[in-house]
Engineer: 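Here it is: the structure, laid out below.
Counting starts at 1 for both ligands and their atoms, in listed order. For this chain, numbers begin at 1 and follow the sequence in order.
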Amino acid sequence: MTFSVHGLAVARGIAIGRAVLVASSRVDVAHYFIQSEQIPAEIERVRQGRNAVVEELQRLQADMPADAPHELTALLDVHLMLLQDEALTGGVKHWITERLYNAEWALTTQFEVIARQFDEMEDEYLRERKADLEQVVERILRYMKGVASPVAPPASSPRRKTQQDLLLDDTVDVPLVLVAHDLSPADMLQFKESVFAGFVTDVGGKTSHTAIVARSMDIPAVVGARAASQLVRQDDWVIIDGDAGVIIVDPSPIILAEYGFRQRQTELERERLSRLRHTPAVTIDGHRIELLANIEQPGDAVGAVRAGAVGVGLFRSEFLFMGRTGNLPGEDEQYRAYREALDGMQGLPVTIRTIDVGADKPLDSKAHKDTHLNPALGLRAIRWSLADPAMFRTQLRAVLRAAAHGKVNLLFPMLAHSNEIRQTLAQVDLARAELDARGEAYGPIQLGAMIEVPAAALMVRTFLRYFDFLSIGTNDLIQYTLAIDRADEAVAHLYDPVHPAVLRLVADVIAEGERQGKSVCVCGETAGDVTMTRLLLGLGLRSFSMHPAQILAVKQEILRADTRKLVPWAQQVLDGEEPAALLAS
Ligand code: PEP
Ligand code: MG
């Protein structure tokens, strides 16, 4: 039966595929397709993993003291029974043989199938056995981690299917869409090279970092879809409408045909836009606009150049630090990463933002759950860096050294106090002095501050005294101005980029930068939102930084814009009580 689930639109386009349900705790499981000749070896890997766990449990059973609590022996019995259950082993074989899933993926898929059956059981005792099954599966996975996959995972990705294919071909090689309750940004990042054609999560706001990473992958995604991971079953056919923020489960052939058509239209539109790649971004009245890329990993630089970016406006360096269970990258590793980004940009400038962890970007999504009441107001971004000056200077030295090989700008997140500014700049001086003492080469850098706290926007003159350039982080500026947690889907309807207070802060920062002849960029999601392009141009913005996938669509808006008309109109919007209504006019 067809039904739909509504969430928040995150990344454009339509994806049609079968659902893969992923439990958040096991997202570090690799997902890739194997070749058919690998089927026996993959089945063998699972068998070995399962046998090893059986032996381990049997050993435990044998060594159990006579006076051990009855619950413990009963628990081991249950685990052994689950391990030997045909539903688990048979199911895993099915996913490997029929769908060519790698062993770990097959195991977690079958876990989801059985877990769902447990969930539906009337008997509470049986329902609770799901937790036992989860433990058993995790034991096998841990064991398998030590047993190398016989071949390297191929970077395979199912080709995009036409709607006709979808109706005819129901075996392997159909697109897959991932459905999860929650995914941390680091989890999301590890799916970047994976096989999924779209994503759905139950939680998250439009500018949560998970959503941002999904957007950077340029595949349809919906977040904040509440109970999606409960309602969708493993292998269900799902349409993700990334434009409307809707997912349609078990669609009828007519609905499939309609969305298949829209999917092709989107592809045609992309092809059309790609012709603008080499066209300079100049308005009708001759203003040249700088279109920069936001990247998360050094390897993204290549795609940024391909998309026509004239530089990187925001390299979120924290993604080098996340998901590493406390083992942070050292100076040399960071230096290599920054150089890789510079090399990827082929001489174009790269703006590296210092580490911005905290709030919805925990350093380690599994080991560390931020238990603070208001993590977004806590020790994050520059506060975190200043609290650990040695770690901070390691990053600064790495950036300074990379600057010897290309044009680097350094950007500091979430500054709000003038003493934070001074401390930050003192750390930069210290880092230079440390490199001097070592006789290490480093290059010149421009220093910039992010304007993402209302306090910073209101004291923009102070900021401009200290910094060479500013970059407005609208994601946080909106969050902090309107007191709306950007990662919380429950208040997502109040998250308003055109709230008069937000617009006033943005406009004042742009105007003050212009007065002082210093560059002001917008690097929040607003910069890549085509419905905002004309307004930002009218407010005087000349530098936009966004996901590479948005660049051509924004460029198209710029090519059609005439700032002589947009400036008075933007003033009207700014002075209005309901900017959203004027924006649509
Ligand atoms: C912002 O806050 O707008 C920004 C660009 O930084 P991030 O999204 O990484 O917090
Ligand atoms: Mg921010």
Side-chain angles (χ1 to χ4, degrees), residues 10-11 184-186 188-189 204-216 223 292-297 300 304 309 311-322 350-363 370 375-385 409-416 420 448-457 463 469-488 492 495-499 502-503 505-506 509-510 520-529 532 536 541 543-548 550:
V10 161
S184 74
M188 191 57 115
L189 203 62
K206 242 180 165 165
T207 58
S208 65
H209 284 92
T210 300
I212 287 175
V213 179
R215 207 168 291 133
S216 77
V223 299
L292 304 164
N294 291 356
I295 63 170
E296 278 84 39
Q297 290 175 310
D300 297 341
V312 168
L314 175 66
F315 176 178
R316 290 185 162 98
S317 71
E318 57 275 13
F319 281 87
L320 300 173
F321 293 72
M322 286 155 61
V350 175
T351 301
I352 301 169
R353 178 177 69 185
T354 60
I355 183 168
D356 181 2
V357 287
D360 72 332
K361 278 183 292 192
L363 259 192
D370 199 330
L377 303 181
L379 192 69
R380 60 167 292 207
I382 196 70
R383 303 168 180 184
W384 197 82
S385 295
N409 305 316
L410 187 54
L411 185 58
F412 301 100
M414 218 185 153
L415 287 162
E420 278 175 340
M450 290 198 68
I451 301 293
E452 45 186 357
V453 181
F463 274 69
F469 69 98
L470 300 178
S471 194
I472 307 177
T474 45
N475 306 336
D476 277 317
L477 188 61
I478 298 165
Q479 156 165 273
Y480 295 125
T481 306
L482 304 180
I484 303 299
D485 186 335
R486 62 193 267 196
D488 185 350
Y495 189 92
D496 182 7
V498 291
H499 187 289
V502 173
L503 286 186
L505 293 174
V506 170
V509 172
I510 296 172
V520 174
C521 179
V522 169
C523 65
E525 298 299 290
T526 306
D529 177 350
M532 294 292 292
L536 291 171
L541 190 74
S543 175
F544 295 63
S545 191
M546 66 200 80
H547 296 297
Q550 306 293 115

Engineer: In E452, which N, O or S atom comes closest to the Mg ion (ligand 2)?
Structural biologist: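 The atom in question is OE1.
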Engineer: Counting heavy atoms only, name the option from A211, A527, S545, G473 that's nearest to atom 1 (C) of ligand 1.
Structural biologist: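 The option holding the nearest heavy atom is G473.
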Engineer: From atom 6 (O) of ligand 1, work out which of E296, R353, E318 has a heavy atom at the shortest distance.
Structural biologist: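 The nearest heavy atom belongs to R353.
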Engineer: Considering non-hydrogen atoms of the protein only, which is the closest contact for atom 7 (P) of ligand 1, and what is the distance?
Structural biologist: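 The closest one turns out to be H209 NE2, 3.1 Å.
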Engineer: Go through ligand 1 atom by atom and flag the ones less than 4.0 Å from a non-hydrogen atom of C523.
Structural biologist: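 What qualifies from ligand 1 is 5 (C).
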Engineer: For a 4.5 angstrom cut-off between non-hydrogen side-chain atoms, does M450 reach M414?
Structural biologist: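 Side chain of M450 against side chain of M414, heavy atoms only: no contact under 4.5 Å found.
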Engineer: Looking at ligand 1, is there an atom of it that comes within less than 4.0 Å of some heavy atom belonging to R486?
Structural biologist: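 Within the 4.0 Å threshold, so yes.
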Engineer: Given side-chain contact (heavy atoms from CB on, under 4.5 Å), test V509 with F463 step by step and report yes or no.
Structural biologist: CA-CA 10 Å; V509 172; F463 274 69; over 6 Å; no
Engineer: I'd like to check I510 versus I472 (side-chain heavy atoms, cut-off strictly below 4.5 Å). Are they in contact?
Structural biologist: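 Counting from C-beta outward, I510 and I472 do come under 4.5 Å.
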Engineer: Which heavy atom of D356 sits nearest a heavy atom of E318, and at what distance?
Structural biologist: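 D356 and E318 have their closest heavy atoms at N-OE1, 3.2 Å.
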Engineer: Using side-chain heavy atoms (C-beta onward) and a distance below 4.5 Å, is M532 in contact with L541?
Structural biologist: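 M532 vs L541: side chains apart.
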Engineer: Give the numbers and elements of all ligand 1 atoms closer than 4.0 Å to a heavy atom of D476.
Structural biologist: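 Answer for ligand 1: 1 (C), 2 (O), 3 (O), 10 (O).
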Engineer: Under the side-chain hydrogen bond (donor to acceptor under 3.5 Å, both in side chains) test against S216, which residue among R316, H547, E296 passes?
Structural biologist: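 For S216, the side-chain hydrogen bond (donor to acceptor under 3.5 Å, both in side chains) check succeeds only for E296.
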Engineer: May I ask you to check if any N/O/S atom from D476 comes under 2.8 Å of the Mg ion (ligand 2)?
Structural biologist: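 So D476 does bind the Mg ion (ligand 2) by this criterion.
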Engineer: With a 4.5 Å limit on heavy-atom distance, are the side chains of P497 and T474 in contact?
Structural biologist: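 P497 does not reach T474 side chain to side chain.
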Engineer: One residue to check: I212. Relative to ligand 1, which of side chain, backbone, both or neither has a non-hydrogen atom less than 4.0 Å away?
Structural biologist: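 Looking at I212 and ligand 1, just side chain atoms fall under 4.0 Å.
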Engineer: Flag the pair H499 / I484 as yes when at least one side-chain heavy-atom distance between them is below 4.5 Å, and no otherwise.
Structural biologist: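 No, their side chains stay 4.5 Å or more apart.
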Engineer: Using a strict 4.0 Å cut-off to heavy atoms of D356, name the atoms of ligand 1 that fall inside it.
Structural biologist: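 Those qualifying, in numeric order: 10 (O).
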Engineer: Going by the atom numbers of ligand 1, which of them fall below 4.0 Å from some non-hydrogen atom of L314?
Structural biologist: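 Close to L314: 5 (C).
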Engineer: Answer yes or no: is there an ion pair linking R380 with D476, defined by an N-O contact shorter than 4.0 Å?
Structural biologist: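 D476 and R380: salt-bridged.
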Engineer: Using heavy atoms and a 4.0 Å limit, tell me yes or no: is M450 in contact with ligand 1?
Structural biologist: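 Heavy atoms of M450 do come under 4.0 Å of ligand 1.
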Engineer: May I ask you to list the atoms of ligand 1 that are less than 4.0 angstrom from any heavy atom of R316?
Structural biologist: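 Those atoms are 4 (C), 5 (C), 6 (O), 7 (P), 8 (O), 9 (O).
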